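Here the structure is a predicted model, which means the values were calculated and not measured. Note on naming: letters A, B, ... go to the chains in the order of the sequence lines (proteins, then strands), and numbering restarts at 1 for each one.
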Amino acid sequence: MAGAGPAVSSGAGRLERDFFARPAPLVARELLGARLVHLDGGVRRVVRIVEAEGYHGRLDRASHAFRGPTPRAAIMFGPPGVAYVYLIYGQYFCLNVVTGAPGEPSAVLLRAAEPLQGCLGSTRGPGNLCRALAITRDRHNGLDLGGATLYFERERAGLAPGTGLAPPAGRIVITPRVNVTPAGPRAAARRWRFVLAPSAWVSGPDRRRHAPRPA
DNA sequence: CCAAGGATTGGC
DNA sequence: CCAATCCTTGGA
């Protein structure tokens, strides 16, 4: 019967709100291999996610939600499946997906992806990824990712038993998050970064480690 | 109001 | 290693 899959809803394998209403590290891991589609006016921009990080809850010192629902972070306290876009270092945008139950602030930072269609420059690194997809705060912050403009989808073939998710091609590597060292030892020790390797598009100081072997 | 610093990036 | 560049936050 159609529409019986647990985490993935009907249609062309699009990820719906229930997929995101779970802990951030779990969502981050399962987003690996999924396609992110931005219908940018008449232009279709598509990538395949290869790196994502979870920022999990009120006690995660590295999370923007750590200091409570400040004006910027308030969106993380809202419903899941919504885009959280912020400006970093005055010049780059970063795209997150709000996860977890409402009131349980968490999000997944999309750090790197493989370019598939319509990308503007490099998709390696969160700032570059947003630029390549033409994601901006004024246009996309707070946008429902279940809508027609910006959404995730994955292949329906080869669904993993019990999950409704297609197993991504490649190996999932789990590491500490990038640049959370200043947030304190506890946050730095969390292994909430997920990489789909091998990939030439992984960011971070260990990206060579996850790059494809030279032929 | 002011000062400090940032979930980054690219250049030296 | 370090500056760019401006928004966010917290404290006076």
**Prompt:** Going by the angle between their ring planes, with limits at 30° and 60°, are A:His56 and A:Trp192 parallel, tilted or perpendicular?
**Reply:**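 Perpendicular.
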
**Asked** What integer number of Å spans the P atoms of B:dA4 and C:dA3?
**Response**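 It works out to 16 Å between them.
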
**Request:** Write out all pairs satisfying side chain to side chain donor-acceptor pair (under 3.5 Å) with one or both partners inside residues 98-120 of chain A, taking only residues at least two apart or from two chains.
**Result:**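 Qualifying pairs, neighbours excluded: A:Arg48-A:Glu114, A:Glu51-A:Arg111, A:Thr99-A:Ser106, A:Arg111-A:Ser203.
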
**Item:** Hydrophobic cluster partners of A:Leu39 (side-chain heavy atoms under 4.5 Å)
**Value:**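 Members alongside A:Leu39: A:Val37, A:Val46, A:Leu116, A:Tyr151.
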
**Prompt:** Where does DNA chain C form stems of at least three consecutive Watson-Crick or G-U wobble pairs, each pair having both distances below 3.5 Å?
**Reply:**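 So far as stems of 3 or more pairs are concerned, DNA chain C shows B:1-6 with C:6-11, B:8-11 with C:1-4.
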
**Message:** For a quick test of reading the model, state the closest non-hydrogen atom pair linking A:Arg124 to A:Ala112 and the distance between them.
**Reply:**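 Closest approach of A:Arg124 to A:Ala112, heavy atoms only: CA-CB, 4.4 Å.
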
**Request:** Identify the heavy atoms of A:Pro115 and A:Val47 that sit nearest to each other, and give their distance.
**Result:**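 Between these two residues, the closest heavy atoms are CA-CG1, 4.2 Å.
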
**Message:** Regarding A:Arg186 and A:Asp60, does a basic nitrogen lie under 4.0 Å from an acidic carboxylate oxygen?
**Reply:**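 No.
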
**Basic-acidic side-chain contact under 4.0 Å: A:Arg14, A:Glu153** =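 Looking at A:Glu153 together with A:Arg14, the answer is no, because their closest N to O distance does not fall below 4.0 Å.
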
**Asked** Atom CG in A:Leu120, atom CG in A:Leu133: separation rounded to 0.5 Å?
**Response**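 Answer for the CG-CG pair, A:Leu120 versus A:Leu133, is 8.0 Å.
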
**Item:** Close approaches to DNA chain B from residues 201-211 of chain A, in residue order (heavy atom, under 4.0 Å)
**Value:**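 Under 4.0 Å from DNA chain B: no residue of residues 201-211 of chain A.
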
Return the value, rounded to whole Å, for the distance between atom [atom1] of [X] and atom [atom2] of [N].
X        : N      : atom1 : atom2 : result
A:Tyr86  : B:dG5  : OH    : P     : 18 Å
A:Leu129 : B:dG10 : CG    : P     : 13 Å
A:Phe93  : C:dT5  : CZ    : P     : 15 Å
A:Glu51  : B:dT9  : CD    : P     : 9 Å
A:Arg61  : B:dA7  : CZ    : C1'   : 15 Å
A:Leu109 : B:dG6  : CG    : C1'   : 13 Å

Side-chain donor-acceptor pairs of residues 77-96 of chain A under 3.5 Å, sequence neighbours excluded:
{"from": "A:Tyr84", "atom 1": "OH", "to": "A:His64", "atom 2": "ND1", "distance (Å)": "2.7"}
{"from": "A:Asn96", "atom 1": "ND2", "to": "A:Tyr84", "atom 2": "O", "distance (Å)": "3.1"}

Verify the contact: side-chain N or O of [X] to OP1 or OP2 of [N], cut-off strictly under 4.0 Å; return yes or no.
X        : N      : result
A:Asn128 : B:dG10 : yes
A:Asn179 : B:dT8  : yes
A:Arg131 : B:dT9  : no

**Request:** At under 4.0 Å between heavy atoms, which parts of nucleotides 6-12 of chain C does protein reach? Answer with one letter per nucleotide, 5' to 3': B base, S sugar-phosphate only, - none.
**Result:** BSSSS--

**Message:** Is it the case that the side chain of A:Arg177 and the backbone of A:Ala187 share a donor-acceptor pair, with hydrogens and angles ignored and the cut-off at 3.5 Å?
**Reply:**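 Pair found, side chain donor or acceptor close to backbone of A:Ala187.
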
**Request:** State whether the side chain of A:Arg191 and the backbone N or O of A:Thr175 hold a donor-acceptor pair below 3.5 Å, judged by distance alone.
**Result:**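 Checked: no pair found.
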
**Request:** Using a 4.0 Å heavy-atom cut-off across all strands, classify A:Arg177 as base, sugar-phosphate, or nothing.
**Result:**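 Here A:Arg177 touches no strand at all.
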
